[in-house]
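Chain A is the first sequence line, chain B the second, and so forth, proteins listed ahead of strands; every chain is numbered from 1.
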Amino acid sequence: MTDRTLDILIDEVVLGLADDADVARVEDMAARDPAIASRLERARARFAPLDDTADELALPDGFWSRVEGDLDAGGIEAAPTSAEVVDLSAVRRAMTRWRGAALGSIAAAILLAMTLGWSVMTTAEPSVIAVLLNDNGEAIAVVEGRPDNTTLVTLLEQAQVPSERVMQVWTKPDEDGPPVSLGLLASGRSETLVIEGLPAPNPQQLYEITVEPAGGSPTNLPTGPILGKGLAKQPVI
Amino acid sequence: MLGVARRMLRRVDLAEDAVQEALVLIWRRAHQFDPERGSARGWVYTILRNRCLTLLRREDREVATEPEAFDRAADGAVVNQAFDRLGTTSDLRRCLEGLDKQTRQAILSSYVLGHSHGEIAGRMEAPLGSVKSWVRRGLGKLRACLS
């Protein structure tokens with residue numbers, strides 16, 4: 001296949017115009033060849049701004065219990081386009097324990113963080129991961145804290161923040177000390193925050209997101225309602 | 001996420017199903033996510049869009065669609081709204097503006113509404129082969145413009 005043909009095929013996969021066989025072929029090539037994987041990712045990134053143009057809709061009440069039900073029941077099978085075999089038992093066990101424990105969001109965050117493992121397993125520098133849960137035990141964000149205090153905040157659902165308010169991300173580098181601001185999610189979307197002068201994040205470090213007045217908390221301490229919080233965990237490498 | 005799904009599936013109940021199924025897949029495949037290959041956000045939306053496309057194609061086979069249900073005006077409005085909402089400084093917007101209207105419409109219909117080549121051809125009352133070649137030429141121009 002020529003480069004040009006492959007570029008077109010990749011674009012058609014991203015747009016959703018390719019048939020199942022072509023999608024499987026491109027995903028298979030991307031899995032084997034990092035150069036093709038990065039072409040696929042660049043193609044996705046070209047069209048990703050269109051995802052942000054959809055209406056923002058709130059999920060209905062009880063939605064997360066349906067998701068949990070699916071996880072418990074085994075739910076839908078992995079998509080046939082994925083050739084990889086996924087071991088689901090660990091996730092199911094953790095989810096069951098999560099619900100069974102009912103000890104609050106922090107315990108659940110630790111369990112989930114361990115289970116997720118995320119892909120920092122494959123990166124050289126150790127990081128910590130926290131899954132932030134709200135009062136109902138719903139996961140609202142995943143936080144990855146890097147040793148250089150770059151913090152990747154991935155929101156899992158569009159937060160409903162009133163106008164004139166902003167989401168602020170906090171951590172407690174010292175368990176007994178005050179929370180320290182890592183920055184604002186001014187765009188209301190997932191962001192990478194960079195801060196200097198903090199020690200590298202520890203396992204067990206608390207992360208939380210609160211709703212603060214525009215410009216951030218006036219006291220430099222959390223004042224508003226907590227959207228979600230969770231303890232970090234260092235993935236097993 | 002729900003907004004993207006509803007735009008493709010048109011029905012909010014189907015959109016909720018798609019988001020639910022996508023979230024389950026995301027939990028299960030979390031260990032496959034590789035930040036060196038791209039953003040978490042992109043990864044999440046790719047899984048969601050693929051789920052929607054699967055449901056769309058399945059629906060096409062299983063649900064008889066009344067001709068009236070092809071609401072071209074509404075589809076056109078959704079596509080135009082997506083284009084209008086792209087930031088005025090967005091490179092994607094600038095490059096899409098450089099395409100002729102039909103090609104732009106075809107590319108946006110496929111990404112935003114999940115339309116297939118055949119559906120686009122049907123709605124534009126154009127031969128399937130022409131639509132395929134417009135889209136391919138348009139994608140080539142977009143890639144050159146955005147790189």
Side-chain angles (χ1 to χ4, degrees), chain A residues 4 7-8 11-12 14-17 23 30 34 37-38 40-60 63 66-67 70-71 75-76 78-79 81-82 84 86 88 91 95 115-123 142 144 152 154-158 189-190, chain B residues 1-7 12 15-16 19-21 23-42 44-47 49-54 81-87 90 92-93 107-108 110-112 114-117 135-136 139-140 142-143 146-147:
Chain A
R4 194 179 130 67
D7 271 336
I8 288 171
D11 279 345
E12 288 182 344
V14 170
L15 286 183
L17 289 172
V23 173
S38 96
L40 179 59
E41 177 57 27
R42 278 203 304 277
R44 283 178 176 150
R46 281 201 286 276
F47 293 98
L50 285 167
D51 293 330
D52 295 335
T53 62
D55 291 332
E56 287 173 9
L57 300 175
L59 289 168
F63 182 80
R66 279 163 53 187
V67 175
D70 263 0
L71 284 167
I76 51 171
T81 49
S82 170
E84 290 174 71
V86 184
L88 307 176
V91 176
M95 293 306 288
T115 315
L116 279 174
W118 217 244
S119 57
V120 268
M121 287 185 203
T122 59
T123 60
V142 177
E144 182 182 339
L152 281 69
T154 305
L155 295 174
L156 298 176
E157 191 50 57
Q158 189 65 44
R189 301 198 176 277
S190 302
Chain B
M1 288 175 83
L2 192 56
V4 168
R6 194 190 58 177
R7 202 162 61 170
V12 78
E16 284 172 14
V19 173
Q20 178 178 351
E21 290 173 9
L23 285 169
V24 172
L25 289 172
I26 288 160
W27 280 118
R28 291 192 177 152
R29 293 186 191 166
H31 68 284
Q32 294 177 0
F33 171 66
D34 180 352
E36 290 184 358
R37 285 200 177 175
S39 74
R41 186 178 164 73
V44 163
Y45 274 91
T46 299
I47 291 176
R49 286 175 40 76
N50 287 344
R51 203 63 220 157
C52 289
L53 287 171
T54 305
Q81 183 186 54
F83 178 73
D84 289 341
R85 284 182 180 176
L86 285 172
S90 145
L92 181 60
R93 184 191 183 107
I107 289 176
L108 285 171
S110 65
Y111 192 90
V112 172
H115 284 172
S116 64
H117 281 125
V135 168
R136 285 180 185 167
L139 288 172
L142 271 186
R143 203 177 317 113
L146 284 164
S147 59

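Contacts between Leu139(B) and chain A at a heavy-atom distance below 4.5 Å involve backbone atoms as well as side-chain atoms. Using a 4.5 Å cut-off between heavy atoms, Thr46(B) touches chain A through its side chain atoms alone. Using a 4.5 Å cut-off between heavy atoms, Ile107(B) touches chain A through backbone and side chain atoms alike. Contact annotation for Arg93(B): neither backbone nor side-chain heavy atoms come within less than 4.5 Å of a heavy atom of chain A. Only the side chain of Val135(B) comes within less than 4.5 Å of a heavy atom in chain A; its backbone stays farther off. Looking at Leu92(B), the atoms closer than 4.5 Å to chain A (heavy atoms on both sides) all sit in the side chain, from C-beta outward. Contact annotation for Val44(B): neither backbone nor side-chain heavy atoms come within less than 4.5 Å of a heavy atom of chain A.
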For Ser147(B) and Arg42(A): C-alpha separation, side-chain torsions, deciding distance, then whether side-chain hydrogen bond (donor to acceptor under 3.5 Å, both in side chains) applies.
CA-CA 9 Å; Ser147(B) 59; Arg42(A) 278 203 304 277; over 6 Å; no
For side chain to side chain contact (heavy atoms under 4.5 Å, CB included), just list the numbers for Arg143(B) and Ile8(A), CA-CA rounded to whole Å, side-chain angles, deciding distance to a tenth of an Å, and then say yes or no.
CA-CA 9 Å; Arg143(B) 203 177 317 113; Ile8(A) 288 171; 3.8 Å; yes
Tell me, with the steps shown, if Arg85(B) and Asp55(A) meet salt bridge (charged side-chain N to carboxylate O under 4.0 Å, His left out).
CA-CA 10 Å; Arg85(B) 284 182 180 176; Asp55(A) 291 332; 2.8 Å; yes
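For chain A, the option among Leu86(B), Leu146(B), Val112(B) with the highest count of heavy-atom pairs below 4.5 Å is Leu86(B). Among Ala54(A), Pro49(A), Ser190(A), Ala30(A), the residue with the largest count of heavy-atom pairs under 4.5 Å with chain B is Ala54(A).
Within 6.0 Å of the CZ atom in Arg189(A), the count of heavy atoms belonging to other residues, nucleotides or ligands exceeds 12.
At least one donor-acceptor pair closer than 3.5 Å links the side chain of Arg49(B) to the backbone N or O of Val14(A).
Rounding to the nearest 0.5 Å places CE of Met1(B) at 12.5 Å from CG of Leu57(A).
Contact of the Leu142(B) side chain with the Asp11(A) side chain is not registered, since no non-hydrogen atoms from C-beta on lie closer than 4.5 Å.
Just one residue in the list Tyr111(B), Tyr45(B), Phe83(B) forms a side-chain contact (heavy atoms from CB on, under 4.5 Å) with Leu50(A), and that residue is Tyr111(B).
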